[in-house]
Undergrad: 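This structure is in structure tokens; I'll ask about it shortly.
Throughout, a chain's letter reflects where its sequence line sits, starting with A, and its residues are numbered from 1.
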Amino acid sequence: MRVRYAPSPTGDFHVGGARTALFNYLFARHHGGSFILRIEDTDQKRFNPEALDWLLNGLRYLGLEWDEGPDVGGEFGPYTQTERLDIYQRHCQQLLDEGKAYRCFCTAERLDAVRKEQQKNKQRSGYDRHCRNLDPTESAERANNGEQHTVRIKLPLAETITFQDKVKGKITFDYTNLQDAVIMKSDGIPTYHLANVIDDHLMQISHIMRGDEWVNSIPLHLLLYQSFGWQPPVMVHLPLILNPTGKGKMSKREGRAPDGRVLPVFVRSFEEMGYLPEAMINYLALLGWSLDDKTEIFSKIELIEHFSLERIKPSPAAWDYDRLDHFNGDYIRQLSVEALTEQLLPFLEQAGISATSETLSPITPIIQERIKTLSDAASQVDFFFVENLPDYDSAELIPKKMDAAQTITALQEAKSVLTTAEFEHDALDSALRTHAKSVGLKVGQMFQPIRVAVCGRKAAPPLLDTLAVLGRETCLKRIDQAIESLNR
RNA sequence: GCCCCCGUCGUCUAGAGGCCAAGGACACCACCCUUUCAAGGUGGCGACACGGGUUCGAAUCCCGUCGGGGGCACCA
């Protein structure tokens with residue numbers, strides 16, 4: 001089994017592409033086959049020099065290592081199409097010689113005009129086969145004289161083709177509805193169709209696994225295989241990923257949620273936001289594939305073990321950010337404190353918080369179940385790392401059914417406990433509870449003011465652990481500041 | 001417009017004629033736990049697009065309608 005992921009380096013690495021790469025990878029690993037990376041850079045106009053790095057880094061982040069590719073080589077190289085132009089030329093010439101393809105001298109202007117006319121007359125748009133029956137000798141002569149031309153494949157004029165797709169099942173096309181597609185552009189670079197077919201054959205690809213948007217070109221590709229006398233690979237077309245709304249295929253550009261939150265679509269963005277590769281892979285695998293009616297969490301090893309083409313669904317699936325967040329939170333909670341601490345450090349630094357393994361590790365366990373992404377941590381731990389809190393919001397400081405004066409009293413009572421208590425969870429717990437009770441306060445009436453005084457907000461990690469980490473000095477100082485703020 | 005594909009809770013899905021008065025998960029709601037926020041637990045809301053067949057019996061098979069998606073480039 002040999003499969004390939006063959007992206008075009010025109011833009012950033014999209015999660016849709018990542019899903020395709022993942023399925024190819026899982027299939028290869030499941031069967032002990034090879035996963036090949038091929039760069040289809042035949043579109044010079046849209047080529048983006050950064051795209052290759054984005055792609056390679058993205059695949060590495062996801063942990064989808066490839067066996068053959070542009071950087072690692074392999075016995076079927078080169079793996080970048082622009083380095084294989086002579087191969088395409090040779091094969092194209094063969095089709096020309098055998099009369100299976102023909103040169104087209106039509107100008108872009110003429111093609112435009114034809115298309116416009118067809119649209120005006122509500123006819124099917126497509127090439128009118130103007131050059132199809134040019135005399136071969138004349139055609140060769142004009143080409144030799146340097147006349148600009150493309151090469152088009154000669155489609156059967158009346159024929160129907162039926163083939164099997166592993167996901168979709170039987171599909172039938174009528175060649176009459178298709179047109180003589182360009183296989184070689186006038187600059188001597190092949191189009192996707194030609195290069196893709198030649199490479200898949202030469203690289204001995206056994207299964208073509210790619211997005212659904214390609215099904216319409218299967219008849220053309222099949223004709224190409226047939227023209228060369230080659231056996232086509234097994235076709236596997238993966239359902240498209242739709243926008244969260246279910247409307248249209250997932251955007252190629254990052255969007256924004258109604259609340260202003262960025263909606264990432266690039267692998268790089270998810271990485272930067274602190275999504276764990278394990279969670280990404282788990283989520284991605286379940287978009288269009290499932291094992292059974294209950295298993296949700298899969299490690300990469302388990303995915304490899306269970307993956308099968310038969311269980312790929314034919315219908316498209318909408319992207320669900322909430323579900324991804326759920327998976328990511330789950331994987332974050334599975335991490336050891338040490339591992340999570342190390343993963344968190346770069347994200348905190350990014351946010352301008354200078355934490356270290358030593359200062360962060362006591363905090364990690366108390367925020368672990370409160371974050372969905374690694375970048376969420378910054379806004380949760382910030383108060384541990386600042387010298388002075390921003391001004392207090394007295395509405396938060398003062399508990400319901402209490403006033404400023406009562407709150408000040410509560411804080412003063414708390415202070416008296418914290419001045420002497422041992423700064424450790426259990427000791428603080430019993431000391432504060434007992435004292436609150438003895439001065440006639442409910443636990444919450446004392447805890448809320450302390451929490452806000454110390455953390456600067458109501459929604460915060462567990463209080464006692466927080467106090468213990470912060471230490472006596474800081475806690476007392478912040479409580480004083482809170483009292484002062486209430487007196488103002 | 002033409003061609004191809006798809007159609008189970010809002011979303012991801014299980015379901016390959018009787019095991020389904022349709023199961024799980026996310027989201028949402030309620031309750032429990034609880035010092036807040038989470039996490040966790042329990043419960044709830046919620047779907048076979050519609051209409052015809054076939055069959056003793058259909059979410060599952062067939063046809064049509066409707067809806068959705070994709071493709072119709074010297075882009076991939």
Undergrad: Using the C1' atom as the reference point in each nucleotide, state the distance between B:G41 and B:U54 in Å, no decimals.
TA: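 Roughly 48 Å separates the two C1' atoms.
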Undergrad: Please state how far atom CG in A:Leu220 lies from atom C1' in B:A76, giving the value in whole angstrom units.
TA: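 The distance from CG of A:Leu220 to C1' of B:A76 comes to 13 Å, rounded to the nearest Å.
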Undergrad: In the structure shown, which nucleotide is the Watson-Crick or G-U wobble counterpart of B:C20, with both distances under 3.5 Å?
TA: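 When the pairing criteria are applied, nothing turns out to pair with B:C20, so the answer is none.
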Undergrad: Is there a side-chain polar atom (N or O) of A:Thr42 under 4.0 Å from OP1 or OP2 of B:A76?
TA: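 Answer is yes, contact under 4.0 Å.
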Undergrad: Roughly how many Å apart are B:G43 and B:C3, using the C1' atom of each and rounding to a whole number?
TA: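 The same atom, C1', in both gives a distance of 50 Å.
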Undergrad: Would you jot down, in residue-number order, the residues of residues 156-168 of chain A having a non-hydrogen atom under 4.0 Å from RNA chain B?
TA: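 Close to the strand are A:Lys168.
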Undergrad: A:Gln380 CD to B:C37 C1': how many Å, rounded?
TA: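 A:Gln380 atom CD is separated from B:C37 atom C1' by 8 Å.
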Undergrad: For the pair made of NZ in A:Lys247 and P in B:G67, what is the distance, rounded to whole Å?
TA: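 Taking atom P of B:G67 as the reference, NZ of A:Lys247 is at 11 Å.
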Undergrad: Taking only residues two or more places apart in sequence, or in another chain, which ones meet A:Ala143 in a side chain to side chain contact (heavy atoms under 4.5 Å, CB included)?
TA: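 Checked A:Ala143 against side chain to side chain contact (heavy atoms under 4.5 Å, CB included); matches are A:Arg103, A:His149.
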Undergrad: Give none if B:A25 has no partner; otherwise give the nucleotide forming a Watson-Crick or G-U wobble pair with it, both distances under 3.5 Å.
TA: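 WC or wobble partner is B:U11.
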Undergrad: Once you apply a heavy-atom cut-off of 4.0 Å, does A:Phe173 come out as touching a base, just sugar-phosphate, or nothing?
TA: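 Touches sugar-phosphate only.
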Undergrad: Classify A:Leu463 by what it touches in the nucleic acid, base, sugar-phosphate, or nothing, heavy-atom distance under 4.0 Å.
TA: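 Counting heavy atoms under 4.0 Å across all strands, the contact made by A:Leu463 includes a base.
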Undergrad: Enumerate the residue pairs fulfilling ring pair (Phe, Tyr, Trp, His ring centres under 6.0 Å) with a member in residues 173-200 of chain A, sequence neighbours excluded, ordered by first and then second residue.
TA: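 Sorted pair list: A:Tyr192-A:Trp214, A:Tyr192-A:His221, A:His193-A:His221.
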Undergrad: Would you call A:Arg129 and A:Leu155 a side-chain contact if the rule is heavy atoms closer than 4.5 Å?
TA: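 In short, these two side chains touch, coming nearer than 4.5 Å.
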Undergrad: Who passes side chain to side chain contact (heavy atoms under 4.5 Å, CB included) against A:Lys437, sequence neighbours left out?
TA: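 For A:Lys437, no residue satisfies side chain to side chain contact (heavy atoms under 4.5 Å, CB included) once neighbours in sequence are set aside.
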Undergrad: How many Å lie between CG on A:Asp199 and C1' on B:A76, as a whole number?
TA: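 After rounding, the gap between these two atoms is 14 Å.
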Undergrad: Give one of base, sugar-phosphate or nothing for A:Thr172, where a contact means two heavy atoms less than 4.0 Å apart.
TA: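 Sugar-phosphate, no base atom in range.
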Undergrad: State whether A:Asp292 and A:Arg311 are salt-bridged, where the test is any N-O pair (Lys NZ or Arg NE/NH1/NH2 against Asp/Glu carboxylate O) under 4.0 Å.
TA: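 Result for this pair is no, no salt bridge flagged.
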Undergrad: Taking only residues two or more places apart in sequence, or in another chain, which ones meet A:His201 in a ring pair (Phe, Tyr, Trp, His ring centres under 6.0 Å)?
TA: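 A:His201 satisfies ring pair (Phe, Tyr, Trp, His ring centres under 6.0 Å) with A:Trp230 once adjacent residues are dropped.
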Undergrad: Does B:C74 have its OP1 or OP2 closer than 4.0 Å to a side-chain nitrogen or oxygen of A:Arg115?
TA: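 Affirmative; the distance criterion is met.
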Undergrad: What distance, rounded to whole Å, do you find between the two C1' atoms, one in B:C61 and one in B:G46?
TA: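 Nearest-Å result for B:C61 against B:G46 at atom C1': 28 Å.
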Undergrad: Respond yes when some side-chain nitrogen or oxygen of A:Arg210 is under 4.0 Å from OP1 or OP2 of B:A76, and no when none is.
TA: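 Answer is no, no contact under 4.0 Å.
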Undergrad: Would A:Arg323 count as a cation-pi partner of A:Tyr283, with NZ or CZ less than 6.0 Å from the six-membered ring centre and within 45° of the ring normal?
TA: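 No, A:Arg323 does not sit over the ring of A:Tyr283.
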Undergrad: Distance check, C1' atoms only: B:C75 and B:G70, in whole angstrom units.
TA: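 Straight-line distance between the two C1' atoms is 16 Å.
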Undergrad: Is it true that A:Phe270 and A:Trp319 have ring centroids separated by less than 6.0 Å?
TA: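 That pair passes the under 6.0 Å test.
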Undergrad: When all nucleic acid strands are considered with a 4.0 Å heavy-atom cut-off, which category describes A:Lys252: base, sugar-phosphate, or nothing?
TA: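 Answer is nothing: A:Lys252 stays at 4.0 Å or more from every strand.
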Undergrad: Is the closest side-chain donor-acceptor distance between A:Thr373 and A:Ser375 under 3.5 Å?
TA: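 Yes, a side-chain donor-acceptor pair sits under 3.5 Å.
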Undergrad: Could you pull out all residues at least two apart from A:Asp322 that satisfy side chain to side chain contact (heavy atoms under 4.5 Å, CB included)?
TA: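 Testing A:Asp322 for side chain to side chain contact (heavy atoms under 4.5 Å, CB included), a comparison that skips the adjacent residues, returns A:Asp320.
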Undergrad: In whole Å, what separates the C1' atom of B:C26 from that of B:C63?
TA: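 It works out to 37 Å between them.
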Undergrad: Whom does B:C2 pair with, Watson-Crick or G-U wobble, provided both distances fall under 3.5 Å?
TA: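 Base-paired to B:G71.
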Undergrad: Roughly how many Å apart are B:A14 and B:C33, using the C1' atom of each and rounding to a whole number?
TA: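 These two C1' atoms come out 32 Å apart once rounded.
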Undergrad: Atom pairs under 3.5 Å, N or O on each side, protein against nucleotides 40-50 of chain B: can you list them with distances?
TA:
residue : atom : partner  : partner atom : Å
B:G40   : OP1  : A:Arg333 : NH1          : 3.4

Undergrad: Of all residues at least two apart in sequence or in a different chain, which pass the ring pair (Phe, Tyr, Trp, His ring centres under 6.0 Å) check with A:Tyr88?
TA: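 By the ring pair (Phe, Tyr, Trp, His ring centres under 6.0 Å) rule, A:Tyr88 matches no residue at all.
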Undergrad: Taking side chain to side chain contact (heavy atoms under 4.5 Å, CB included) as the test, write out the residues that go with A:Ala427, two or more places apart.
TA: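 In terms of side chain to side chain contact (heavy atoms under 4.5 Å, CB included), with neighbours along the sequence ignored, A:Ala427 is linked to A:Glu422, A:Glu424.
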Undergrad: How far does the P atom of B:A16 sit from the matching atom of B:G10, given to the nearest Å?
TA: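 Going atom to atom, P in each nucleotide, I get 23 Å.
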Undergrad: Side-chain atoms of residues 6-16 of chain A: list all donor-acceptor pairs with protein atoms under 3.5 Å, sequence neighbours left out, distances to 0.1 Å.
TA:
residue : atom : partner  : partner atom : Å
A:Ser8  : OG   : A:Glu40  : O            : 3.4
A:Asp12 : OD2  : A:Arg268 : NE           : 3.1
A:Asp12 : OD2  : A:Arg268 : NH2          : 2.5
A:His14 : ND1  : A:Gly16  : N            : 2.9
A:His14 : NE2  : A:Ser251 : O            : 2.7

Undergrad: Whole Å only: how far is the NE2 atom of A:His237 from the P atom of B:A76?
TA: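 Checked: the NE2 to P distance equals 16 Å.
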Undergrad: Once you round it to whole Å, what is the distance between P of B:A27 and CZ of A:Phe327?
TA: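 A:Phe327 atom CZ is separated from B:A27 atom P by 11 Å.
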Undergrad: Distance alone, cut at 3.5 Å: any donor-acceptor contact between the side chains of A:Asp187 and A:Gln44?
TA: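 No pair is found: no donor N or O on one side chain lies under 3.5 Å from an acceptor on the other.
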Undergrad: How would you summarise protein contacts on nucleotides 7-16 of chain B per nucleotide, using B for base, S for sugar-phosphate only and - for none, with heavy-atom distances below 4.0 Å?
TA: SB--BBSSS-
Undergrad: Regarding A:Pro7, tell me which of base, sugar-phosphate or nothing describes its non-hydrogen contacts under 4.0 Å with the strands shown.
TA: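 Nothing: the residue A:Pro7, judged by heavy atoms under 4.0 Å, touches no strand.
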Undergrad: The side chain of A:Lys372 lies closest to which of these nucleotides: B:C74, B:A27, B:C2?
TA: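 Nearest listed nucleotide: B:A27.
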Undergrad: Please determine whether a side-chain nitrogen or oxygen atom of A:Lys249 lies at a distance below 4.0 Å from atom OP1 or OP2 of B:G68.
TA: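 Result: no.
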Undergrad: Please list, chain by chain and in numerical order, all residues satisfying ring pair (Phe, Tyr, Trp, His ring centres under 6.0 Å) with A:Phe23, sequence neighbours excluded.
TA: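 Here the qualifying residues are A:Phe307.
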Undergrad: Should B:A30 form a Watson-Crick or G-U wobble pair with both distances under 3.5 Å, which nucleotide is its partner?
TA: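 Pairing partner: B:U42.
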Undergrad: In this structure, how many angstroms lie between the C1' atom of B:C5 and the CH2 atom of A:Trp214, rounded?
TA: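 My rounded result for the distance is 16 Å.
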Undergrad: Quick one: A:Gln179 CD to B:C3 P, roughly how many Å, whole number?
TA: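 My rounded result for the distance is 15 Å.
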Undergrad: Mapping A:Gly248 and A:Leu111 onto RNA chain B by nearest heavy atom, which one lands closer to the 5' end?
TA: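 In this pair, the answer is A:Gly248.
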Undergrad: What's the closest nucleotide to the A:Leu240 side chain, out of B:G70, B:U36, B:C75?
TA: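 It is B:G70.
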Undergrad: Scan every strand shown for a Watson-Crick or G-U wobble partner of B:G64, both distances under 3.5 Å, and answer none if you come up empty.
TA: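 When the pairing criteria are applied, B:C50 turns out to be the nucleotide that pairs with B:G64.
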Undergrad: How far, in whole Å, is B:G44 from B:G68 if one measures between their C1' atoms?
TA: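 Here B:G68 and B:G44 have their C1' atoms 31 Å from each other.
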